[in-house]
Amino acid sequence: MTPLLEATNVYRHFGGIMALNGVDIRLDPGEIVGLIGPNGAGKTTLFNVLAAAIPPSSGSIRFQDTDITGWPSYRVSRLGLARTFQITRPFLKMTCLENVMVGLINHQPKEALGRLQVLAREALSFVGLSEQCDTPASGLNLIQKKKLEIARTVAVRPKLLLLDEVLGGLNSQEVVQAVSMIRELRTNLGITILWIEHIMGAIMSAADRIVVLHQGEKLMEGSPETVVNDPRVIEAYLGN
């Protein structure tokens, strides 16, 4: 099977600090892959490199069998790679519908406005925000803002979605709702997912495979059960 995304020997340094040290990662179509590691492990840096927010210092990245190394982020996005952010920052004075349409207009500038509005409403319906279409983002609670963040990415119909700690700050019932939605992204929309998360029970229940980063390097990867019981992973999270 041809991988959807393959990053090979990726390095990224900031001055004298090595944030990524020869990381390899492969994502096959239809997978949900968890990306875990302690704070400072390089997870968000890897997301930034894959989404072309920052270039790798060296190494290569292929997406849909195209070498996207060094591409600008808008080209990578239009090829089908989208991401969410750990801290949601919607346009608070805009409605939910307007928030989603802003991303669509940038992603598909030649599309008719009416068609973009249809796509935006479909995305909001998928995440359960149909009734909040005309609600300003400032009036949403935390889980609704998280849903809006996902709707903005779903609307552009990505092939690959990078989810950055979408469960942070949610209560146990909201976590269950969010995990169910993540499964539906794959099942109903065919989206491949790379997912950073610290809530191990949640990511173990949904991920097919887990990749562990530690101090900028890939510590290991494998099934959720194998990873969570590995002594190296336990030490990286909890210490000796």
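Position 1 is the first residue of the sequence, and the numbers go up from there. All values below come from the heavy atoms of this structure, side chains included, with hydrogens, waters and symmetry mates left out.
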Quick one, [X] and [Y] - any side-chain contact, counting heavy atoms below 4.5 Å?
X	Y	answer
I143	N141	yes
C133	T95	no
F63	I68	yes
I182	I193	yes
V179	S205	yes
H198	I36	no
K147	M181	yes
L213	L219	no

Give a yes or no answer on whether the side chain of [X] reaches the backbone of [Y] with a donor-acceptor pair at less than 3.5 Å.
X	Y	result
S57	H13	yes
T153	A82	no
K43	L35	no
T187	R183	yes
N229	E225	yes
Q64	L79	yes
E235	R232	no

Does [X] have any side chain to side chain donor-acceptor pair (under 3.5 Å) partners at least two apart in sequence or in another chain, and if so, which?
X	answer
S138	none
E197	W195
N48	R83

- Message: Is the terminal nitrogen or CZ of R78 (NZ for Lys, CZ for Arg) located under 6.0 angstrom from the six-membered ring centre of Y74 and within 45° of that ring's axis?
- Response: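 Checked: cation-pi criterion not met.
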
- For the side chain to side chain contact (heavy atoms under 4.5 Å, CB included) test, which of L160, L4, I191, L5 pairs with P29?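 Running side chain to side chain contact (heavy atoms under 4.5 Å, CB included) over L160, L4, I191, L5 with P29 returns exactly one hit, L4.
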
- Who else is in the cluster with I87 when I, L, V, M, F, W and Y are joined by side-chain contacts under 4.5 Å?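 When side chains under 4.5 Å apart are linked, I87 ends up in no cluster with other residues.
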
- Query: Should D24 and R26 count as an ion pair when the cut-off is N to O under 4.0 Å?
  - Reply: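 Salt bridge absent between D24 and R26.
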
- Pair I105-L116, side chain to side chain contact (heavy atoms under 4.5 Å, CB included): steps then yes or no: CA-CA 7 Å; I105 289 169; L116 296 182; 3.6 Å; yes

- Task: Name all pairs fulfilling the salt bridge (charged side-chain N to carboxylate O under 4.0 Å, His left out) condition that reach into residues 208-222, sequence neighbours left out, sorted by first residue then second.
- Result: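 Listed once each, the pairs are E31-R209, R186-D208, R209-E221, K218-E221.
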
- Message: Tell me every residue that passes salt bridge (charged side-chain N to carboxylate O under 4.0 Å, His left out) with D134, counting only those two or more places apart in sequence or in another chain.
- Response: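 With neighbours one apart ignored, the set is empty.
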
